[in-house]
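Just so it is clear, the model here is predicted, and its values are computed rather than measured. Naming convention: chains lettered A, B, ... in sequence-line order (proteins, then strands); numbering from 1 in each chain.
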Protein chains: 2
Amino acid sequence: MKATDINLSKSATMGDVARAAGVAPATVSRYLNNPDVVSPKTKHKIDQAIRAMNYVPHAAARTLASKKSRMIGAIVPSLDSNLFAPALEAFQSQVSKAGYTLVVASDNYDAEQEFKHINQMVSHGIDALLLVGSSHDEAIYQLLKAKQIPYVLTWTTTPQEEHPCIGFNNKIAAANVANYLMDLGHTKFAMISNNIKRNDRAHKRLLGVRDALALRGLSMSDEYLVERPISAEQGREAFRLLMSRSEPPTAIICGSEPFAYGAIFESKHLGLEVPRDVSITGFDDMWLASLITPSLTTVRTPQQKVGALAADYLIAKLTGKDVALPTPLEVEIIVRESCAPPSKH
Amino acid sequence: MKATDINLSKSATMGDVARAAGVAPATVSRYLNNPDVVSPKTKHKIDQAIRAMNYVPHAAARTLASKKSRMIGAIVPSLDSNLFAPALEAFQSQVSKAGYTLVVASDNYDAEQEFKHINQMVSHGIDALLLVGSSHDEAIYQLLKAKQIPYVLTWTTTPQEEHPCIGFNNKIAAANVANYLMDLGHTKFAMISNNIKRNDRAHKRLLGVRDALALRGLSMSDEYLVERPISAEQGREAFRLLMSRSEPPTAIICGSEPFAYGAIFESKHLGLEVPRDVSITGFDDMWLASLITPSLTTVRTPQQKVGALAADYLIAKLTGKDVALPTPLEVEIIVRESCAPPSKH
DNA sequence: AATGCAAATGAAATCGCTTTCATTTTGTTT
DNA sequence: AAACAAAATGAAAGCGATTTCATTTGCATT
């Protein structure tokens, strides 16, 4: 770890190391990539030489020659978001543990940006790729297929098993929430959601809610669906809007948890009491859910698990192991204080 | 953007494009890197060929030949943290806007991991590097210097101008908070902080507080300094601990904002009222600060700005422009409800 | 038309590694 | 000790771009 003898001139190359160790470059390469096949004796010599010259392999050269970059890409909607950060952190941890380097980009829910980023990453030779959600340009899949790049879609499950996915069933999860609220006696629902068109998870959650309602002969008109960028602030506004309707909902299902926080905070400003006047649910179970007053009834999603499993899957795939895709992950409704039966008007 | 004619066999190389366009590979290279020097006529031919074959340059080959990877690295303590995410998002946005690809890693405040990641990134040929904080292994600086890799330290300022920094003065910011509280009449202080040894920002904030106190003849004993990993949950525990002292503090300065949230939530459990029974301050002004009850008096730090400026600086540096480092950024105390004069015993 | 100069292009070496194939060394078996 | 298979090593050909240097082309000028 001492860095006393850093060579200030040109960096040492594999050739330099080979010369110093008195072996051929090929042997150094083997030492690096497949140590088992080099004899202990030469292994030692090479080891010495590498340390002495502070040799660091030139990754681009390796990539060029081997067609493997030892980089894995991840494209998420946003880096600045509690929604993906835990998964990304877990992903990065696993990825780097396996000796890979992580390349990331955020696309702000914009398909064109995503496409651009993917092209850039592919050009850089990433060995595998993590994507969020299930709706991606067909060209992307074609590209990944053509280049034989393993990928995985996260936060989602494909019913048709078209693509490898690691996530949970958003539709069912949302349906469970709706059912829970209906069991409490609610009939007048509203939903605060991220953009339905651009965010397939949001879309599926909406479908889940609508299906569940339909099964019990209920429905939610479009007026009670408010689409917003994800943030607590937007949740506040959406809540105010919804509660100012002539016929306000008795239960508000938030497609993303920050909306729920915003709604709860805003309820205090409006002099409303949760859950007496209106029930609110979240989605994800972030740290604030249990601390806020009233604490939030929500569905807990396995965020780090998604990240870690995605990494494991891709790495296994790269290692040549044949991997079974994990079955859709479980989610769980965490019942806290923010829901109650609707008041008798 | 159509991907109808993806070549399923080997990807097209520059040679293929050259052949198709009836020019030399060198000319294609010029078209890509320095379009001004190729004639409009050939430019058109090459353009056609590239589209037709769906050619994507091989980044590793470019890197090898040009010694520029068009990748920029960033190492942050944690990806799963509201503290760095906004900056990182802004950084990534600028970086990719300039045509670079972002490589990230998190080191969990562990110097050894950081060193490992940097080596890996350097091996991958990153053109520039963002680091957080000011305390890094000397070997790192040597390596970056030897390889001539521009870098920037963020969230900090070096008084000695040893290294390029983009951030604010943590010491002064914390001192301001302490002064504000002393102005209110406080004399019995406590601080909840991240690990002082591993986190230089935390350390500087502590120094700022201590210095400010000293200037007014006050002090804070070590018993009133609680070091914890950054989270609201840890903030709760620390708060409970501090308030159970025989002589509890009247003001608690939180070195990171999640601590403050935890403290405020826990105060309710303990039947204490903020700010009547104890004043609390945060650090960063995250979204929750204005929504929580009581709203949090805190210091607002320019997070996106740090990320964006860091990117601008590095990119300018890479473009060969001579860049003036921005002066330390301003921070501002946002006075809200969580502080008040100490109660009369 | 001849001249000269700048602009545009091409040829070929090079970047640092991997990998195939051939060769040498080692160790085991008879 | 001979014979042979297995293990270890070496030689050399790429991988796909960039870049220097040389050459050709195009245009304006006389």
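If you measure from atom NZ of K43(A) to atom P of dA8(D), you get 9 Å, rounded to the nearest angstrom. Counting to the nearest Å, the C1' atom of dT9(D) and the CG atom of N34(A) are 14 Å from each other. Between the NZ atom of K45(A) and the P atom of dA8(D) there is a distance of 14 Å, rounded to whole Å. In this structure, the CG atom of L32(A) is 6 Å from the P atom of dT18(C), given to the nearest Å. The CE-P distance, from M14(A) to dG16(C), rounds to 12 Å in whole Å. Rounded to whole Å, the distance from CG on D16(B) to P on dC15(D) is 11 Å. Taking atom OH of Y31(A) as the reference point, atom P of dG10(D) lies 16 Å away to the nearest angstrom. With rounding to whole Å, I46(B) atom CD1 is found 11 Å from dA8(C) atom C1'.
In terms of position along DNA chain D, the nucleotide closest to A61(A) lies nearer the 5' end than the nucleotide closest to the other residue of the pair A61(A) and R70(B). A residue-by-residue look at T27(B) and L64(B) shows that L64(B) has its nearest nucleotide of DNA chain D further toward the 5' end. In terms of position along DNA chain C, the nucleotide closest to G22(B) lies nearer the 5' end than the nucleotide closest to the other residue of the pair S66(B) and G22(B).
Residue S29(A) has its side chain nearest to dT18(C) when only dG10(D), dT18(D), dT18(C) are considered. Distance from the side chain of H58(B) is smallest for dA17(D) among the nucleotides dG16(C), dT19(C), dA17(D). Taking only side-chain atoms of A65(B), from C-beta outward, the nucleotide of dT9(D), dC15(C), dA11(C) with the closest atom is dC15(C). The side chain of R30(B) approaches dA11(C) more closely than any other nucleotide in the set dT18(C), dT9(D), dA11(C). Picking from dA12(D), dT9(D), dC15(D) the nucleotide with the shortest atom distance to the side chain of A26(A) gives dA12(D).
Within 4.0 Å (heavy atoms only), T63(A) reaches no atom of the nucleic acid at all. Within 4.0 Å (heavy atoms only), V23(A) reaches sugar-phosphate atoms of the nucleic acid but no base atom. Note on Y55(B): only backbone sugar-phosphate atoms sit closer than 4.0 angstrom, heavy atoms only; bases stay farther off. Residue contacts shown for T13(A) are limited to sugar-phosphate atoms, with no base heavy atom under 4.0 Å away.
Within the structure, a side-chain polar atom (N or O) of T42(B) is placed less than 4.0 Å from OP1 or OP2 of dT9(C). K67(B) has no side-chain polar atom (N or O) that falls below the 4.0 Å cut-off from OP1 or OP2 of dT14(C).
Axis deviation across the helix from dA1(C)-dT30(D) to dT30(C)-dA1(D) amounts to 30°, comparing end segments of five pairs, rounded to 10 degrees.
For K197(B), the NZ atom is loosely surrounded, since the number of other residues' heavy atoms within 6.0 Å does not exceed 12.
The ring pair (Phe, Tyr, Trp, His ring centres under 6.0 Å) analysis of residues 32-59 of chain A, with sequence neighbours excluded, yields no pairs.
In this structure, K43(A) does not pair ionically with D47(A), as no charged nitrogen and carboxylate oxygen lie closer than 4.0 Å.
Using the six-membered ring where Trp is involved, W155(B) and F84(B) have ring planes that are perpendicular, over 60° apart on the 30 and 60° scheme. Ring planes of Y151(B) and H163(B): tilted class, angle from 30 to 60°.
The closest side-chain donor-acceptor pair between N119(A) and S123(A), if any, does not fall under 3.5 angstrom. For the residue pair S11(A) / K147(B), a side-chain donor-acceptor distance below 3.5 Å is found, with atom types taken as modelled.
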Taking distance alone, no hydrogens or angles, what donor-acceptor pairs closer than 3.5 Å link side-chain atoms of residues 306-320 of chain A to residues at least two apart or in another chain?
unit_1  : atom_1 : unit_2  : atom_2 : d
D312(A) : OD1    : Q94(A)  : NE2    : 2.8
T319(A) : OG1    : I315(A) : O      : 2.4

